[in-house]
Every structure is written in structure tokens, then in C-alpha cells.
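Since the structure comes first, as C-alpha cells, the remarks are kept for the end.
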Amino acid sequence: MIIETIKQKFYNSFKELDLEAPLMDEIEIEHPKHKEYGDYSCNIALKKAKSYKTKPLKLAKDIASTLDKDNFFAKVEAIKPGFINIYISKKELRDILLTIHETGEDFGRNTQSENSQKVLLEFVSANPTGPLNVVNARAAAFGDSLAKIMNFLGHEVQTEYYINDAGNQIDILIESVEVELNRLAEMPVKEVEGGYKNQYIREVADEILEEEHQSIFRTSEANKEKKIRKYALDGILKRQKESLLDFNVFFDNWISEQALRDKGSVEDVLSYLAETDYIYEKDDAMWVSTSKFGDDKDRVIMKGDGTTTYLIPDLAYHISKYKRGFNQLIDILGPDHHGHTKKLQAGMKILGYDIDILNFIILQQVNFIIGDKKVKMSKREGNIFTLDQLIDEVGTDASRFFFLMRKSNSPLDFDIELAKKQSSENPVYYVQYAHARINSLEKKVSKEGIKFKNFKPEYLKRLRYEEEWNLIRKLMKFPELLVHISATQSVHLLTSYLIGLASTYHTFYQKRRVVNKRYKELSLARLYLCKATQIVLANGLRLLGISAPKEM
RNA sequence: GCGCCAGUAGCUCAGCCGGAUAGAGCAACGGCCUUCUAAGCCGUAGGCCAGAGGUUCGAAUCCUCUCUGGCGUACCA
């Protein structure tokens with residue numbers, strides 16, 4: 001990676017100047033805001049001048065003069081307060097295009113084994129009580145893309161969906177299906193308080209009647225309940241999985257809460273806790289002193305009636321995560337669950353686990369812009385869109401892109417009309433269009449009798465316009481961007497990078513004609529540049545789970 | 001009350017482990033198609049980075065306080 005190479009060269013420069021070299025991490029190579037300040041810049045002289053008992057500008061000049069001799073750079077110069085501005089040589093820029101073509105879909109991939117982490121990424125994890133909704137969809141898009149990016153950078157990421165198929169809500173689900181079943185069979189119906197009434201309930205009831213006919217009503221009450229439970233859980237989960245597949249989202253693991261409970265893990269947690277000094281009885285219930293470990297207050301773990309609260313199975317689930325030997329556990333949660341993180345962390349700490357590796361990403365809420373009105377998506381208010389509706393209405397590509405345009409901890413306003421528009425206002429089409437445009441160039445070239453296989457690297461010397469260099473500079477930054485995204489989990493930077501890359505490309509395309517049979521070498525050089533751009537666009541889109549169309 | 005997140009251009013937002021002139025995209029206004037996809041390009045305009053203090057050579061960025069909005073704060077999951 002370019003940025004690493006530059007860092008190393010700075011490090012060496014200190015040696016050459018007989019100065020004690022700073023730590024590698026202290027050398028920050030940044031992207032200046034203005035292009036008059038170079039391709040990259042460095043503020044090490046400002047930061048370190050004091051410790052060398054010299055003036056920043058003097059130090060900057062010394063460093064710059066050693067680096068300026070290096071052919072890797074076109075120019076390295078020290079400026080006013082003590083910045084060092086770096087310009088990459090034309091040869092290096094041309095070589096980047098060769099690298100992109102050589103590595104192809106692996107351009108940007110990092111196989112750094114030494115920093116590789118084993119990561120568990122859990123997301124969506126909805127109750128199997130109905131269709132997935134748009135809040136789940138934001139989590140699905142974010143988690144899936146983050147996993148793809150981290151994997152691409154050499155981490156070993158597993159994605160996981162935790163199925164909450166046990167507990168209160170499931171009992172209500174079973175009753176709701178039974179009500180629906182009775183209604184379908186025209187039998188007496190007793191409504192369930194707080195029961196579920198979504199489309200999946202009706203479909204499952206339908207399915208049961210179709211498969212079992214009247215026999216379901218003749219069997220014992222216990223057997224009937226067992227059957228309904230199986231149909232309901234399997235049926236709804238199957239539908240949720242289908243929606244996720246339509247949304248291009250894949251999970252490595254599906255973990256069932258019921259299965260964990262069947263293994264006795266809830267009892268295990270209770271006995272582990274009993275061995276600590278942090279549980280006590282009060283008001284007929286059993287409490288754990290999470291407040292001693294950063295929680296706002298202590299929590300009940302066992303209610304007066306002898307049943308446990310949700311904290312216990314959740315601790316059990318997280319213990320199972322720890323036992324699988326990950327270096328990092330990431331829970332991606334919805335906005336309504338952030339109150340849950342402190343008690344979970346406190347609980348894990350009490351059980352003796354290292355909570356530094358347990359991280360949470362809270363996705364903020366989703367609002368839909370319909371017409372010119374903002375509609376808050378809320379399950380409670382019953383105005384929530386399902387994921388399937390979103391896919392039908394807007395499509396997977398546009399939806400995923402829109403979900404990933406904002407940083408995770410900002411609320412997201414989703415403009416449906418804009419997402420559906422097929423014009424430059426819509427950033428998804430803007431990016432995909434750049435990719436498609438390049439494809440049509442290839443056709444054009446062969447029509448003109450220019451053969452791409454005749455390309456030779458020395459033709460790249462024909463590139464000499466600013467629009468061409470700008471495009472290469474943009475391409476060059478793709479790998480280091482991915483490193484930054486992976487480290488900071490800021491997936492949204494990839495969407496804005498792609499918009500920027502598309503824009504840089506469109507500018508080049510408008511200004512510099514690619515195909516011209518009178519200048520075959522130039523045509524091939526530019527085509528080579530275009531195809532490098534196409535590779536990077538495709539790689540970026542693929543990491544976002546979005547298609548890269550060849551024609552539009 | 002307490003906690004978390006946010007407050008940057010008319011709108012939606014980047015930038016936030018401090019750096020040099022605060023950036024995009026929409027919307028507005030004015031241009032560009034007899035030549036590779038105009039689903040495109042170019043230009044103009046638009047800002048006391050919510051407010052007040054502090055830290056420093058230097059603050060949108062870090063600290064404190066205030067104001068505004070969202071969410072959370074269960075013996076629900």
C-alpha cells in the first residue's frame with residue numbers, strides 16, 4: 001500500500017538525519033484537503049520538533065530534502081508552519097494501474113496474517129414472529145457489508161443470526177397462530193391479548209390446515225401446540241431467510257436460543273452467578289449487582305415466580321460466543337436496544353470475561369420520506385415497512401446503497417422517491433452508470449479495430465492530462481480506505497468514495513475522448529485506465545453487496 | 001432525573017484519535033449533445049461548524065457548562 005511505503009520512507013529519513021526515529025504510529029500520512037498541498041501530507045515535523053529541540057519548519061525542510069531525492073516521489077516539499085507535502089511520481093502512478101489489472105478483483109485485498117483477527121459479527125437477530133422490517137434491513141445491509149470488508153482485509157469474520165425462538169413472545173406467537181387457525185377452520189375464536197396479526201401468521205395457519213387438515217383439531221392439546229410451534233417457527237424463519245437472500249445477505253451461523261436452553265445453559269449461568277459475590281435476594285426476587293460494574297442499577301435475574309429474566313439467556317448466549325475463541329465480538333443492535341448493553345457488559349464482567357473484546361454498534365432509527373413527510377418507522381406505532389415491501393418497491397441495490405450512505409450512529413432518512421429515480425440525482429445509478437459506461441467503451445474499441453490485447457505498459461506514458469492523473473490518484477486510495485473502514489467500522493465511507501470515484505471518472509470521460517483510431521496507443525492507454533476504474537468500482541460495489549451492471 | 005446519539009450551506013449529510021483556504025450531493029441560477037451511453041459534464045451562488053467558556057503554536061474536531069431534537073432508562077424480549 002502506498003501509504004505504508006511512504007511511512008517507511010519517513011522513518012528511514014530520520015535515520016538518515018541521525019535523529020532518533022519516532023514510532024511508526026506517530027508518523028501520520030494524511031490526505032490534504034487541497035490538492036495544492038500534494039497527494040499526501042505529513043505533520044510529523046510539527047509534532048516532533050519540540051522533542052528534537054528544533055523549529056518545525058527546519059525539521060520539515062531536513063526531512064523533505066532527504067525524501068526529495070527519492071524517485072518514488074515527484075516532489076517532497078516543506079511548507080510554512082512545518083507541513084511536508086508529498087507528490088507521488090508519475091511512474092508510480094502508472095504502476096498502480098498495472099497493479100490494479102494484475103490483482104483484479106483482489107485489488108484492495110489484504111492478506112496480512114499478523115494483524116488478522118477472528119471476529120464474530122452478530123446482527124438482525126429478530127424475533128421469529130413476523131416479517132423482517134426496514135430497521136432489520138438497515139442492520140442486515142450494514143452487517144453484511146462490514147463482514148465482507150473485514151474478510152477482504154484478511155480478518156476471519158463469521159456472521160451470526162441469533163434466533164429468539166424461546167420465551168414469552170414465542171408463546172404469544174403460538175397462541176396467535178392458533179387463533180388464526182381456528183378462524184380459518186371457522187371454529188370459535190378467542191383473541192390473544194397483544195397477539196401477532198401479520199401476514200406470516202395467516203400464511204402459517206394456512207399451511208397447517210393444508211398439510212394437517214382437520215386432524216390438527218383432533219389430536220391432544222399438547223400435541224397440537226407442539227405441531228403449531230414447529231410450523232410457526234420453521235415457517236416464519238424460512239420466510240425471513242428468503243427475504244435476506246433476496247437482499248443479498250448471508251449468515252454463516254444461525255443460533256437458536258431454544259437449542260442453547262435445551263443444553264442447560266440457562267441453569268449453567270445461574271450456577272456460575274451463584275458462585276460469585278454479586279447476587280442477592282430482595283423483594284422476593286434474585287438480583288445481580290451489575291451497578292458495581294458500570295450499569296445504572298442492579299438487575300433482577302429471577303423473578304418471584306421462579307422464571308428468569310432475559311438477561312440470563314443473553315448471558316448464556318454471550319458465553320457461547322466467548323467459548324468459540326474470537327478476538328473480537330461485535331453486536332450490531334437497533335436503537336431500542338442500547339439500554340441493554342451496560343447490563344450485558346456488567347454481567348459478563350461478573351462472570352469473569354474480558355469485556356474489552358465485546359463491542360456494540362448501535363444503528364440509529366430509520367425514517368422514511370414519503371412525499372415531503374417524514375415517517376418514523378416504529379413497530380409500536382404499527383407503521384413499519386417490511387423488508388420485502390422495500391425490495392419490491394425500491395430494489396435491493398438502491399436500498400442497500402441508501403442504508404449505507406449514513407454513518408451507523410446517525411438517524412437515517414430514506415427518501416423512497418429518490419431511491420426509485422433513475423437519474424443522476426440518485427447516487428446508486430450514478431455509480432452504476434459509470435461502471436456500465438466503461439463496458440460500452442470496450443465494445444466501441446473493438447468496433448474501431450483496436451485490440452486490447454495489443455496493450456503495452458509503455459503506452460501509459462501517453463497519459464499526461466490532469467483528469468487522467470486525478471483518476472489514478474483516486475484509484476490509488478482504495479486500499480487504504482478499506483483499511484480505515486475496517487478499523488473504524490465506518491462502512492458509509494465506501495459509498496461516498498464510490499460516488500467520488502464515479503464523479504472523477506465522469507469528469508475524465510467528458511473531457512478526454514478514449515477511443516480514437518488515429519491514436520491507437522493513447523486509446524489503449526486510456527482504455528486501460530478506464531478498465532482499472534471499472535475494477536475498483538466493481539470491487540467497491542461487491543463489498544456493498546450491490547450489483548455492477550454492464551448495461552443500463 | 002440519569003444515560004446514549006445527534007445539532008456543520010435552503011435540504012440530506014461527510015469531515016471529529018487537533019493541523020494549512022470547513023467539503024459533497026440534492027434543490028436554485030447560467031451554460032454544454034452532427035463524435036465513445038446527457039442515467040453525463042462545466043460554471044455561479046450559498047457558512048459566526050447550536051451557544052458560552054477552557055486546553056494549545058493551532059479547535060468543527062479535545063474538556064466543561066447551557067440550549068434544542070431523537071432514543072433508552074421493566075420482576076418485556
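Residue numbers start from 1 in every chain, and the chains themselves are labelled A, B, ... in the order their sequence lines are given, proteins ahead of strands. The figures here come from the full heavy-atom set of this structure, side chains too, leaving out hydrogens, waters and symmetry mates. Just so you know, these numbers come straight off a predicted model, no measurement behind them.
Comparing B:rA77, B:rC5, B:rA20 against the side chain of A:Asn409 picks out B:rC5 as the nearest. Nearest to the side chain of A:Lys444, among B:rC36, B:rG23, B:rG70, sits B:rC36. Among the nucleotides B:rC13, B:rC76, B:rC75, the one closest to the side chain of A:Val300 is B:rC75. Residue A:Lys80 has its side chain nearest to B:rU21 when only B:rC41, B:rU21, B:rC36 are considered.
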Exercise. Apply salt bridge (charged side-chain N to carboxylate O under 4.0 Å, His left out) to A:Glu122 and A:Lys321, showing your working.
Key: CA-CA 10 Å; A:Glu122 183 217 333; A:Lys321 290 186 177 184; 2.7 Å; yes
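With no hydrogens or angles considered, a side-chain donor-acceptor pair links A:Asp298 and A:Ser291 at under 3.5 Å.
For the strand RNA chain B, secondary-structure stems (runs of at least three Watson-Crick or G-U pairs, all distances below 3.5 Å) span B:1-7 with B:67-73, B:10-13 with B:23-26, B:28-32 with B:40-44, B:50-54 with B:62-66.
For the pair A:Ile79 CD1 and B:rG58 C1', the interatomic distance rounds to 18 Å; values are reported in whole Å. Regarding A:Leu46, its CG atom lies at a distance of 9 Å from the C1' atom of B:rG58, rounded to whole Å. Atom-to-atom, OH of A:Tyr497 to C1' of B:rG15 comes out at 18 Å; the value is rounded to the nearest Å. For the pair A:Phe508 CZ and B:rC36 C1', the interatomic distance rounds to 11 Å; values are reported in whole Å.
A:Lys80 and A:Leu57 make their closest contact through O-CD1, 3.0 Å (heavy atoms, listed as atom of the first residue, atom of the second, distance).
Within 4.0 Å (heavy atoms only), A:Gly304 reaches at least one base atom of the nucleic acid. Within the nucleic acid shown, A:Tyr509 comes within 4.0 Å of at least one base atom, counting heavy atoms only. Backbone-only contact: A:Lys342 has heavy atoms under 4.0 Å from sugar-phosphate atoms and none from a base.
Taking for each of A:Thr507 and A:Asp284 the nucleotide of RNA chain B with the nearest heavy atom, the 5'-most of the two is the partner of A:Thr507.
Within the cation-pi definition used here (under 6.0 Å to the ring centroid, within 45° of the axis), A:Lys477 qualifies as a partner of A:Tyr40.
Taking 4.5 Å as the limit, every side-chain heavy atom of A:Thr309 sits out of range of all side-chain heavy atoms of A:Lys343.
Using a 90° window around 0 for the glycosidic torsion, B:rC33 falls inside it and is classed as syn.
With hydrogens and angles ignored, no donor-acceptor pair closer than 3.5 Å exists between the side chain of A:Asp336 and the base of B:rG72.
Here A:Lys447 does not reach the OP1 or OP2 of B:rC36: none of its side-chain N or O atoms lies under 4.0 Å away. OP1 and OP2 of B:rC16 both lie 4.0 Å or more from every side-chain N or O belonging to A:Lys407. Under 4.0 angstrom from either OP1 or OP2 of B:rA74 there lies no side-chain N or O belonging to A:His340. Between B:rA39 and A:His506, no contact under 4.0 Å exists linking OP1 or OP2 to a side-chain N or O.
A stacked arrangement is assigned to A:Phe83 and the six-membered base ring of B:rA20, with a centre-to-centre distance below 5.5 Å and an interplanar angle below 30°.
Among residues two or more places apart in sequence or in another chain, the salt bridge (charged side-chain N to carboxylate O under 4.0 Å, His left out) test is passed with A:Arg526 by A:Glu468.
Taking the charged nitrogens against the carboxylate oxygens, A:Lys443 and A:Glu551 do have a contact shorter than 4.0 Å, which makes a salt bridge. A salt bridge does not link A:Lys421 with A:Glu417: none of the charged nitrogens is closer than 4.0 Å to a carboxylate oxygen.
The C1' atoms of B:rU61 and B:rG19 are separated by 11 Å, rounded to the nearest whole Å.
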